[in-house]
Amino acid sequence: MAYEQLPIVEVDLDQLFLDLENYRIPTRRDDEAGALKYLFASEDVLGAARLILRDGYFDNEVPIVTSASDSGSGSPYTVLEGNRRVSALKALRDPTIVPGHEAEIRALLKRYAVEAENLPERVRVIVAPDRAAAAPHVARLHTGISKRRWSRDQQATFYYSLIDEQTTVDDVKAQYPDVEVARFMKMAVMRRFLSAAPFSDHSLREYAQSDALKMSAFEYAYRNKEIASAIGVEFDKDGMLLPRASTPEKIAVKLTKEKLSALEYLVGEFRAGHLNTRSPEFKKSKQEYQSLVNRLNGVSTPTSPQPAPPDLPAQPTPSGPSQGGPSSVSGGPGSGRGGTGLTPPGAPGGTGSRGPNHPDTKDTLDLSGLDYENAPLNLKLRYFELRRISLTNLPIAAAILMRSVLEATIKVHFEGDPNPATGQLSDAFKHVVQAYGQEKSLKSTIATIQSGNAHKHGSIQWFNLIAHSADASVSADDVRQAWKVVNPLLRRLLRQSSRASSATT
């Protein structure tokens with residue numbers, strides 16, 4: 001292909017519009033405000049703004065744009081590559097465009113007041129004639145190694161966006177011969193299918209739409225034809241949903257009650273952490289696979305008959321005047337002290353015993369196993385409040401209190417160190433990473449809390465979003481998922497602190 005130099009022009013920031021079909025965003029936003037909100041929450045635009053203020057804006061990586069005007073040439077422009085940096089510059093010039101992060105942006109501007117005076121009002125951009133001309137350059141930046149790689153979801157959205165009346169899946173395969181195009185097509189159509197599915201649980205729908213549900217994990221479910229059929233989807237050889245005449249969104253909306261119920265169960269199991277890429281439910285050779293297929297299809301799985309427990313020897317029951325008659329013999333297992341031979345239903349050891357409730361069915365968090373008895377008084381009181389707070393009525397308060405408990409526990413744990421943990425949660429957590437980050441039992445937990453994005457329940461970014469964004473929403477299930485993430489770390493920190501406290505008494 002002959003080299004064709006694209007023009008570079010200088011444009012006012014006001015003449016640059018964010019790309020509402022941006023590949024960083026799994027599902028399309030309807031307006032620029034929605035796109036900004038998503039990018040700030042998921043792509044650390046605030047971090048980009050901080051770097052621009054601290055180090056200055058360098059145009060060594062010039063945004064790639066295309067004309068957004070009706071005439072197809074000239075300003076305004078749509079930003080195809082560089083939305084994160086352009087979002088940061090726009091917000092620094094006018095913090096009110098992102099209400100949920102306005103206070104944080106103003107704080108940055110105050111902190112870097114001198115540097116903020118030199119923020120650019122115009123930036124240089126590369127102008128591509130159209131999206132098709134820019135696509136190979138944008139793809140090379142994010143699907144190669146020259147820049148931060150897109151997630152599989154974002155790559156899938158990119159390849160899917162190339163399909164139109166003139167471009168077929170075969171054309172995309174020919175243009176990107178080393179890419180598993182059919183696999184990415186399945187990811188893209190399934191994300192759109194899930195986003196349109198009429199879930200009865202609003203929080204489950206939000207989870208299915210977000211990148212918290214990774215298609216690279218969910219594909220382990222739908223790539224099995226029996227599971228795919230149970231949730232109402234079928235793919236052709238190109239990875240597109242059948243019938244091809246319809247769209248993923250329309251197919252989802254028309255799901256039968258049974259198919260929708262199966263889909264809700266499957267997505268719910270992923271959200272609860274019961275299903276993942278290593279689950280035996282996705283291996284056809286395992287019994288768990290057939291059990292899952294049966295469950296999705298509404299078929300009860302037959303259980304093997306269990307042998308009856310052996311009869312226990314009869315135990316003599318002491319009697320006397322207080323028993324009201326001559327000595328008697330117990331009627332067998334489960335007999336009461338009065339010789340009635342009956343155990344009240346639900347009593348421990350009785351035939352009606354159902355065991356403790358599953359933690360996910362309770363309206364409060366399960367703090368069993370946490371040794372906070374020897375914690376300092378005010379920290380102990382926070383655990384008491386966290387244990388009692390209603391997740392249904394006060395989910396936001398529960399999430400914020402959980403963040404406070406995590407931060408305070410870290411600081412108490414390291415307060416005896418020569419360099420104690422101080423500052424915000426992200427600063428204090430560096431001590432946890434340094435002390436326990438390589439321990440096998442905690443490595444995954446610590447990595448999730450430290451590096452998870454704003455949609456990962458229990459991550460620092462998630463806690464910060466809940467605490468600082470007026471637009472953030474929290475459900476009881478969100479709080480439970482966050483608790484499952486931080487609980488193992490709290491157990492370790494409290495156990496170590498408890499031992500240290502015992503050693504000094």
Side-chain angles (χ1 to χ4, degrees), residues 203 272-273 346 348 354-417 420-432 435-436 441-442 445-446 448-450 452 456-469 472-505:
S203 66
R354 58 187 290 271
N357 289 335
H358 191 283
D360 286 350
T361 65
K362 297 180 180 180
D363 190 41
T364 55
L365 292 175
D366 182 3
L367 269 64
S368 59
L370 291 178
D371 186 12
Y372 52 85
E373 185 61 33
N374 294 318
L377 176 60
N378 288 328
L379 177 55
K380 186 191 300 186
L381 291 176
R382 296 184 198 189
Y383 276 100
F384 286 157
E385 289 186 20
L386 186 62
R387 185 180 65 187
R388 296 173 61 87
I389 198 166
S390 168
L391 303 184
T392 302
N393 298 327
L394 302 168
I396 297 176
I400 293 175
L401 181 55
M402 189 191 306
R403 182 190 191 281
S404 174
V405 164
L406 175 61
E407 182 177 327
T409 302
I410 293 171
K411 291 178 178 178
V412 167
H413 181 81
F414 291 102
E415 65 182 355
D417 284 15
T422 58
Q424 300 177 354
L425 176 58
S426 56
D427 297 323
F429 201 79
K430 294 175 182 177
H431 288 70
V432 176
Y436 303 113
S441 61
L442 289 176
T445 295
I446 290 173
T448 299
I449 296 173
Q450 182 188 33
K456 182 60 182 177
H457 306 110
S459 70
I460 292 175
Q461 284 199 44
W462 182 80
F463 281 124
N464 288 342
L465 181 68
I466 302 307
H468 302 302
S469 174
S473 62
V474 188
S475 69
D477 282 338
D478 293 336
V479 180
R480 293 189 186 99
Q481 295 305 313
W483 184 241
K484 290 177 182 177
V485 171
V486 305
N487 182 283
L489 177 61
L490 290 174
R491 275 205 314 271
R492 167 60 66 84
L493 296 177
L494 286 169
R495 186 166 67 244
Q496 298 294 108
S497 297
S498 176
R499 290 174 181 171
S501 175
S502 300
T504 58
T505 57

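Counting begins at 1 with the first residue of the sequence.
Between V486 and G458, the shortest heavy-atom distance links the atoms CG1-O, 3.9 Å. Here the shortest heavy-atom pairing between S441 and R492 reads OG-NH2, 3.7 Å. Closest non-hydrogen pair, A408 versus L379, comes out as CB-CD1, 3.7 Å. Smallest separation of non-hydrogen atoms from S390 and D363: OG-OD2, 2.6 Å.
Side-chain contact between F463 and I449 is absent, with no heavy atoms from C-beta onward closer than 4.5 Å. Side-chain contact between H457 and W462: present, with at least one pair of heavy atoms (C-beta onward) separated by less than 4.5 Å. Using a 4.5 Å heavy-atom threshold, the side chains of L490 and L367 count as separate.
Checking side-chain atoms of R480 against main-chain N and O of K362 turns up a donor-acceptor pair under 3.5 Å. Put simply, the side chain of N464 never gets that close to the backbone of Q461: no donor and acceptor are under 3.5 Å apart.
The CG atom of D417 sits 6.5 Å away from the NE2 atom of H431 when rounded to the nearest 0.5 Å. The line from CD of Q481 to NZ of K456 is 8.0 Å long, rounded to the nearest 0.5 Å. With rounding to the nearest 0.5 angstrom, the CG atom of L442 is 11.5 Å from the OG1 atom of T448. Atoms CG and CG, from L401 and L386 in turn, are 5.0 Å apart once rounded to the nearest 0.5 Å. Note that OG1 of T364 and CD1 of I389 are 10.5 Å apart. Values are rounded to the nearest 0.5 Å. Expressed to the nearest 0.5 Å, how far OG of S475 lies from CG of L391 amounts to 9.5 Å.
Side-chain polar atoms of T409 and Y383 form a donor-acceptor pair below 3.5 angstrom. Side-chain atoms of S368 and D366 include a donor-acceptor pair closer than 3.5 Å. Remark: the R382 side chain and the N378 side chain contain no N/O donor-acceptor pair separated by less than 3.5 Å.
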Subject >> Pair V412-L493, side chain to side chain contact (heavy atoms under 4.5 Å, CB included): steps then yes or no >> reply: CA-CA 9 Å; V412 167; L493 296 177; over 6 Å; no

**OP:** Verify side chain to side chain contact (heavy atoms under 4.5 Å, CB included) between R403 and I466, making sure each step is shown before the conclusion.
**Re:** CA-CA 10 Å; R403 182 190 191 281; I466 302 307; over 6 Å; no

Subject >> CA sep, side-chain torsions, deciding dist, call: N487, T445, side chain to side chain contact (heavy atoms under 4.5 Å, CB included) >> reply: CA-CA 9 Å; N487 182 283; T445 295; over 6 Å; no

**OP:** Walk me through it: do L489 and F429 pass the test side chain to side chain contact (heavy atoms under 4.5 Å, CB included)?
**Re:** CA-CA 11 Å; L489 177 61; F429 201 79; 3.6 Å; yes

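With sequence neighbours excluded, the residues forming a salt bridge (charged side-chain N to carboxylate O under 4.0 Å, His left out) with K411 are E407, listed by chain and number.
Ring geometry, Y372 versus F384: the interplanar angle exceeds 60°, so the pair is classed perpendicular (tilted spans 30 to 60°).
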